[in-house]
2 protein chains.
Amino acid sequence: MEKLRKHIEAITPLNDEEFEYIKTFFSLKKVRKKQYLIHEGDEVKYEYLVIKGIYKVFYIDNDGKEHILQFAQENWWMSDYIGYFKQKPASMFVECLENGEVLCLTLYGREKLSADLHKMEHFFRLKLTNGFVALQQRIALLLSSTPQERYEEFSQWYPDLLQRIPKKYIAEFLGVSRETLSRLHSDSK
Amino acid sequence: MEKLRKHIEAITPLNDEEFEYIKTFFSLKKVRKKQYLIHEGDEVKYEYLVIKGIYKVFYIDNDGKEHILQFAQENWWMSDYIGYFKQKPASMFVECLENGEVLCLTLYGREKLSADLHKMEHFFRLKLTNGFVALQQRIALLLSSTPQERYEEFSQWYPDLLQRIPKKYIAEFLGVSRETLSRLHSDSK
DNA sequence: GAAAATGTGTGATTTGGATCACTCGTTAAT
DNA sequence: ATTAACGAGTGATCCAAATCACACATTTTC
């Protein structure tokens, strides 16, 4: 839980009493590789703050192809946010790629914390602001760039992930075929 | 300003005193067709709440092609949010497509309101939440759908815009060429 | 440690959509 | 009213990336 405190205090300072209260809304969960935190069709009970491990958030389209909406690592939040915020069944999967731990927060907890502590509402607003900007940049990337450029951007955003996860997942994130991505490497060398 | 009050009260009730205070941070601006509210390279002073009119938020890529990030109509918020939140020069344009009016809010105003009134921080958080979800859905659309499907989704999201704006702008929003979009019509009939 | 599953590179072929090029209406502008 | 600017449809051509089809290496798994 120390990590949680640090994570929040990176944005707003907390006293012990406040943190004790905040803590009560989070529960720790150990996750093993290949385990699903969220499965299509299920109720989306939680959003997750990653303490350790790597995860992918993806969905399967009508043709059975996978598309990755988000990767998540230490200190990232993740969920099927469409299902979570609208309280509808999951349309996505959240799968663990490297053993780790997450903190779970219900929508009720999120809203209660926001209502009770102005600080926490501020915290969540800032996080959303950053997320919003990142998504807009990704849309711009999808609208106008070549596979080459997308790969280069990705390398800058997540340099560490390049080594740690299969290339085919990167392709699914960038909206490019596995083969095309593979050929980029060889060409640029 | 009555519209502003209604807009906020759709999410949280306000008393007169609160609204009087809130009002002071907004300024009304009349906008004419073809006018730019934000121009690439300029400082991004405001975000805008649309009172009347239609607007497009777009950028120009390295090849000189336009891509539309957002359309905005009555009760929508818009800006170059990358420049606005990060206080960097605009990388986008905001152009008026139909005469109207907007309310302008500085980043300072936004943050001051959020800090002073918990209600307003809540308001902005909810707006961001909805925006975040919408952007994720758009990313999913860009990753997995055909031009046909994109056009159909667009028709459902903005049925009114179909009539009111040139088709070529819709193409620029969907990431499809003008010609391909045009052929969709003829084919589906 | 053998067998199965998974990841990755790379050639050959196909294809959906971009691009180019023109026509014909319909609005704006003077 | 005449000209110019813009929007929209449609045919012909081209091309980047998807798809298909392997080979080979590297992990898992039992």
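A, B, ... follow the sequence lines: proteins, then strands. Residue 1 opens every chain. Only this structure's heavy atoms are used, side chains among them; waters, hydrogens and symmetry mates stay out. Note that this is a predicted model, so its numbers are computed, not measured.
Remark on DNA chain C: of its neighbouring residues B:Ser145 and A:Thr180, the 5'-side contact belongs to A:Thr180, judged by nearest-heavy-atom nucleotide. Nearest-nucleotide positions on DNA chain D place A:Thr146 closer to the 5' end than the other of A:Arg178 and A:Thr146.
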#### Entry: Intermediate values then yes/no, side-chain hydrogen bond (donor to acceptor under 3.5 Å, both in side chains), A:Asp80 and A:Tyr59
CA-CA 9 Å; A:Asp80 169 354; A:Tyr59 67 98; over 6 Å; no

### Task
Apply the test side-chain hydrogen bond (donor to acceptor under 3.5 Å, both in side chains) to residues A:Asp160 and A:Gln73: give CA-CA distance (whole Å), side-chain angles for both, the deciding distance (0.1 Å), then the verdict.
CA-CA 10 Å; A:Asp160 41 329; A:Gln73 280 178 285; 2.8 Å; yes

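Atoms CZ (A:Arg32) and P (D:dT29) sit 11 Å apart, rounded to a whole Å. For B:Glu179 and C:dG16, the CD to P distance is 18 Å, given to the nearest whole Å. The distance from atom NZ of B:Lys33 to atom C1' of D:dC6 is 10 Å, rounded to the nearest whole Å. Distance B:Glu172 CD to D:dG7 P: 10 Å, rounded to the nearest Å. A straight line from CG of B:Leu97 to P of C:dT27 spans 17 Å, rounded to a whole angstrom. In this structure, B:Leu181 places its CG atom 11 Å from C1' of D:dA8, rounding to the nearest Å. B:Tyr151 has its OH atom 10 Å from the P atom of D:dA8, to the nearest Å. Per the geometry, CD belonging to B:Glu149 stands 14 Å off P belonging to C:dG16, to the nearest Å.
Comparing D:dA18, D:dG7, C:dG7 by their nearest atom to the side chain of A:Lys168 picks out C:dG7. Considering only the side chain of B:Ser177, C:dT19 comes nearest among C:dG7, D:dG7, C:dT19.
At a threshold of 4.5 Å between side-chain heavy atoms, the hydrophobic network of Ile, Leu, Val, Met, Phe, Trp and Tyr places B:Val176 and B:Ile165 in one connected group.
Minimum interatomic distance between A:Leu105 and A:Phe25 (heavy atoms only, all atoms of both residues): CD1-O, 3.7 Å.
Close to C:dT19, at under 4.0 Å from its OP1 or OP2, lies a side-chain N or O of B:Lys65. Within the 4.0 Å cut-off from OP1 or OP2 of C:dG7, not a single side-chain nitrogen or oxygen of A:Lys167 is found.
Interface remark: the B:Arg183 side chain does not form any donor-acceptor pair with the C:dG16 base, using a distance-only criterion of under 3.5 Å.
The closest side-chain donor-acceptor pair between B:Glu47 and B:Tyr81 falls under 3.5 angstrom.
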